[in-house]
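So the structure is just underneath, and the comments pick up after that.
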Amino acid sequence: MSDDVLQSRMLAVARAAREMAYAPYSKYTVGAALLGDDGRVFGGCNVENAAYPEGVCAEAGAISAMVLAGVRKAHAVLVVGAGEHLITPCGGCRQKLREFCDPQTFRVLAVNENGQQQQWTLEQLIPSSFGPDHLS
Ligand code: THU
């Protein structure tokens, strides 16, 4: 599968996930698509809570879906937010993603509502991170 086809598949998953977001407080809906090691793409949406800090980001939902499916390594995440802003995973989600990837090669793609995009490696977004290797 070409990179373009894969990316449009991830974009479709992230957009569909965003439609399902539960964001009554911020009204800021987010969708994420996580590319697993096995080629499957896992979607996630943000799920907020009346007790605000208990809300969960879209990326965290996608990670849970991947782990539930038995996949423990990911290669890329695509995140779609509202408007013209390109949104990158929050600090907590950068660390959560780091658990399941090689930060040097893992790609983070941000796409806005107009389809404009930018990408980084996870290493660029969370340099010199702490990971599973430190505990072995
Ligand atoms: N949010 C995400 O789901 N992912 C991000 O990368 C950034 C922020 C959510 C959390 C909250 O529900 C809303 O966006 C506003 O912060």
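These figures come from a predicted structure and were not determined experimentally. All residue numbers in this chain count up from 1 along the given sequence. Indexing begins at 1, ligand by ligand and atom by atom, following the structure's order.
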Contacting atoms of ligand 1, where contact means under 4.0 angstrom from a heavy atom of [X]:
X: A58; value: 2 (C), 3 (O)
X: C90; value: 6 (O)
X: V30; value: 1 (N), 2 (C), 3 (O), 4 (N), 9 (C), 14 (O)
X: E59; value: 2 (C), 3 (O), 4 (N), 5 (C), 6 (O)
X: T88; value: 6 (O)

So, E113 and R18, do they make that salt bridge, N to O below 4.0 Å? yes

Does an N or O from S26, backbone or side chain, lie closer than 3.5 Å to an N or O of ligand 1? no

Spacing of [atom1] belonging to [X] relative to [atom2] belonging to [Y], to within rounding of 0.5 Å:
X: Q118; Y: I87; atom1: CD; atom2: CD1; result: 13.0 Å
X: C90; Y: K96; atom1: SG; atom2: NZ; result: 6.0 Å
X: N46; Y: C93; atom1: CG; atom2: SG; result: 10.0 Å
X: L109; Y: T88; atom1: CG; atom2: OG1; result: 12.0 Å

Do L78 and L122 share a hydrophobic cluster, counting only Ile, Leu, Val, Met, Phe, Trp and Tyr and linking them when any side-chain heavy atoms are less than 4.5 Å apart? no

For A23 and ligand 1, answer yes if some heavy atom of the residue is under 4.0 Å from a ligand atom, otherwise no. no

Could you check whether any heavy atom of C93 sits closer than 4.0 Å to an atom of ligand 1, since that is the contact criterion I want to use? no

Of the non-hydrogen atoms in V108 and P89, which two are nearest, and what is the gap between them? CG1-CD, 3.6 Å

Looking at E54, is its backbone amide N or carbonyl O close enough to the side chain of N49 to form a donor-acceptor pair, meaning the two atoms are under 3.5 Å apart? no

Taking A16's backbone N and O only, do any of them form a donor-acceptor pair with E19's side chain (distance below 3.5 Å, no angle check)? no

Candidates E48, R18, R94; heavy atom nearest atom 13 (C) of ligand 1 found on E48

Note the single closest protein heavy atom to [atom], along with its residue, its atom name and the distance in Å.
atom: atom 7 (C) of ligand 1; result: I87 CD1, 4.3 Å
atom: atom 9 (C) of ligand 1; result: N46 ND2, 3.6 Å
atom: atom 8 (C) of ligand 1; result: C57 SG, 4.3 Å

Please tell me if atom 3 (O) of ligand 1 is touched by the protein, where touching means a protein heavy-atom distance below 4.0 Å. yes

